[in-house]
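Notes to accompany the following structure.
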Amino acid sequence: MISTWSEWKRYPRAERGENIEAPISPGIYEVRHAATGALFSFDAVENVASALAMLPVSSKSWFGRRSPAVVPDLEYRTCATSSKADAKAAVERMIGRRDTYMNGAA
């Protein structure tokens, strides 16, 4: 069973002491660039909070510690499911609907 999507939330920045608010259960997450809405990451996972926490969101600086790493302005939303299999099935349906829409719109 799939629940509804959460509201979009700003992706937390560790240097500000912010935290991720996400289910510690199977589900789906979507991360996008706040300014453009362009997709950054999307997946069905066993533990949504853990997966979001492990996303590589900053690029490494070539100059080591002297230059701060560039962190994109991201936002995320989550959707809890009762199992990872349900999450994967929901993702496949979403991708199928998107493909159908794009093929019909082209």
Working for side chain to side chain contact (heavy atoms under 4.5 Å, CB included), residues T81 and K88
CA-CA 10 Å; T81 60; K88 285 186 173 246; over 6 Å; no
Would you list the atom pairs, donor with acceptor, under 3.5 Å between side chains in residues 37-49 and any protein atom, with sequence neighbours excluded?
from: S41; atom 1: OG; to: Y29; atom 2: OH; distance (Å): 3.2
from: N47; atom 1: OD1; to: A49; atom 2: N; distance (Å): 3.2
from: N47; atom 1: OD1; to: S50; atom 2: N; distance (Å): 2.9

Looking only at heavy atoms, the pair that brings A90 and I28 closest together is CB-CD1, 3.7 Å
When rounded to the nearest 0.5 angstrom, what distance separates CG in L55 from OH in Y76?
11.0 Å
Side-chain contact test, heavy atoms from C-beta onward, threshold under 4.5 Å: evaluate it for L74 versus R13 and give yes or no.
no
Give the cluster check for W8 versus M94: same hydrophobic cluster or not, with ILVMFWY residues linked at side-chain heavy-atom distances below 4.5 Å.
no
So does K9 have more than 12 non-hydrogen atoms from other groups sitting under 6.0 Å from NZ?
yes
When you measure from the side chain of S6 to the backbone of T78, do you find a donor-acceptor pair of N or O atoms at a distance under 3.5 Å?
yes
Per the side chain to side chain donor-acceptor pair (under 3.5 Å) rule, what does the pair list look like for residues 18-28, sequence neighbours excluded?
none
Provide the closest heavy-atom pair for A22 versus L52 in the form atom of the first, atom of the second, distance.
CB-CD1, 3.9 Å
